[in-house]
Undergrad: 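Take a look at this one; I'll ask things after.
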Amino acid sequence: MPGTCVIGLQWGDEAKGKIVDLLTQQHEIVVRYSGGANAGHTVVTGGKTYKLSLIPSGIFRSHVQCVIASGVVINPASLLGEIDYLAAENVPVGENLIISDRAHVIFPWHFEEDRLMDVTPSGGEAIGTTMRGIGPCYRDKVGRSLAVRLGDMYRDGFRDRIEAITAEKNRVLAAMEKGSPAKPLDAAEIYTQYAQYAERLQSHVVDTTAYLLDAVDTDRRILFEGAQGSLLDIDHGTFPYVTSSNSSGGGVSIGSGVPGRFVTKVVGILKAYTTRVGGGPCPTEQENETGQHIRDRGNEYGTVTKRPRRCGWFDAVAARYTARLSGVDELAVMLLDVLAALPELKICVAYEIDGKRVTDFPSHIDDLRRAVPVYETVPGWEEEITEVRRFEDLPVKARQYVDRLSELVGRRVGVVSVGPDREQTMFVTS
Ligand code: IMP
């Protein structure tokens, strides 16, 4: 079974949606397997731009079965909002979307907890979450006793469970508010609301693990759509400035139930530069006119939160680490056009930490904070390249830049993108 996955190799927002959309043509099933409505993907199709969070972008192709698998955390209100938005755009959402009964559900208390707990234990820099209740929902999943899975909403005892959890959460929230408690959450209101969500979602809710394992047995072509980027992985990213799920390659199997050996191709997505949203170190960040140039030209503002993204030079130390971590076969270099008109470009080829040159990505955040990038400077190109359609037709300096990234990351580049449209994509064959 040719299972392919698309994984972001930086801190998210690598324009994965566009590559997923292109690859969808060759696949029958598209699976979202981790994260939640903290992710945002943009798909440009039929001359229109769509922004989705939870629903796989395969929804725009009639031959594709979309799956939201067990590793995803679901805010039913946002999911139904997306279904309604697509219906209003005449994009049908029916049997073509199935959702795992094992997926965990986000409740109003998770939003409250996200707001109250977005600090590091030492009171230092905040994680800067997307405030979508993602971390608190995953925390309850691991804690088990206060968790609700989608399938629980259709079982006897759902109302009792909501009442018990709400009472417990009200106690916790009052303690967290430290003397200025917010209005307690109303269990009856929450139950009524979620019972309505459950009813509307019911026709989509199935055992997606069984569905996907059958798909593997019958050799169907599956595309796994990663959310966020590998540097935000809860285990292998820049902890604690990470998201709460496994956003690197290993997450495919955990979040979908499909054994890793059936994923036969991994496409790693990189921007031609670096961006990061939220807190945590970003060694190559440029808080100057170069950073602003990238932000303006790349429209680097969050799809979900609209926050300005932190921008900087390409970090080959980080990208080499994540390409290896996620088992990448081939790279897609996105947004190359954004770098036009800069007289020279810098690529971070190593870090200097306490006077020592390091090329392995540090495992501890304190070391990453002290990392001073060692840059290689290469010439930039003047010409706009958004109209270029063949790799050979790019300015020599742009091609040399891509070749150098490939060499440093240690993987071949299969795709170069110079704009959001499908046509603004070059396939590199050599
Ligand atoms: P959370 O996932 O909302 O808990 O946020 C944790 C960290 O991950 C924050 O730094 C967020 O900015 C970041 N993050 C979460 N989702 C995305 C994404 O889709 N793109 C970029 N950063 C993200």
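Both counts, for ligands and for their atoms, begin at 1 and track the order of listing.
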Undergrad: Does a sphere of radius 6.0 Å around CD in E95 hold more than 12 heavy atoms from other residues, nucleotides or ligands, not counting ones at 6.0 Å or beyond?
TA: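 Atom CD in E95 is not packed in, count stays at 12 or less.
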Undergrad: Which atom names give the shortest non-hydrogen contact between K16 and I269, and what distance separates them?
TA: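 Nearest pair, atom of K16 first, then I269: CG-CG1, 3.9 Å.
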Undergrad: With sequence neighbours excluded, what pairs up with T386 under the side chain to side chain contact (heavy atoms under 4.5 Å, CB included) test?
TA: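 Checked T386 against side chain to side chain contact (heavy atoms under 4.5 Å, CB included); matches are D337, Q424.
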Undergrad: Got more than 12 heavy atoms from elsewhere within 6.0 Å of CZ, R115?
TA: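 Buried by this count: over 12 neighbours within 6.0 Å.
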Undergrad: Are there any N/O pairs under 3.5 Å between ligand 1 and the protein, and if so, what are their distances?
TA:
from: ligand 1; atom 1: 2 (O); to: N38; atom 2: ND2; distance (Å): 2.8
from: ligand 1; atom 1: 2 (O); to: T243; atom 2: OG1; distance (Å): 2.6
from: ligand 1; atom 1: 3 (O); to: T130; atom 2: N; distance (Å): 2.9
from: ligand 1; atom 1: 3 (O); to: T130; atom 2: OG1; distance (Å): 2.6
from: ligand 1; atom 1: 10 (O); to: I127; atom 2: O; distance (Å): 3.4
from: ligand 1; atom 1: 10 (O); to: V277; atom 2: O; distance (Å): 3.1
from: ligand 1; atom 1: 12 (O); to: G128; atom 2: O; distance (Å): 3.4
from: ligand 1; atom 1: 12 (O); to: V277; atom 2: O; distance (Å): 3.1
from: ligand 1; atom 1: 12 (O); to: R307; atom 2: NH2; distance (Å): 3.0
from: ligand 1; atom 1: 16 (N); to: Q228; atom 2: NE2; distance (Å): 3.1
from: ligand 1; atom 1: 19 (O); to: N38; atom 2: O; distance (Å): 3.4
from: ligand 1; atom 1: 20 (N); to: D13; atom 2: OD1; distance (Å): 2.9
from: ligand 1; atom 1: 20 (N); to: D13; atom 2: OD2; distance (Å): 3.3

Undergrad: Just checking E199: does its CD atom have more than 12 heavy atoms from other residues, nucleotides or ligands closer to it than 6.0 angstrom?
TA: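 Counting other residues, nucleotides and ligands, CD of E199 stays at 12 neighbours or fewer.
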Undergrad: Before giving the answer on side-chain contact (heavy atoms from CB on, under 4.5 Å), spell out for H104 and D140 the whole-Å C-alpha distance, their side-chain angles and the decisive distance to 0.1 Å.
TA: CA-CA 9 Å; H104 282 249; D140 280 341; over 6 Å; no
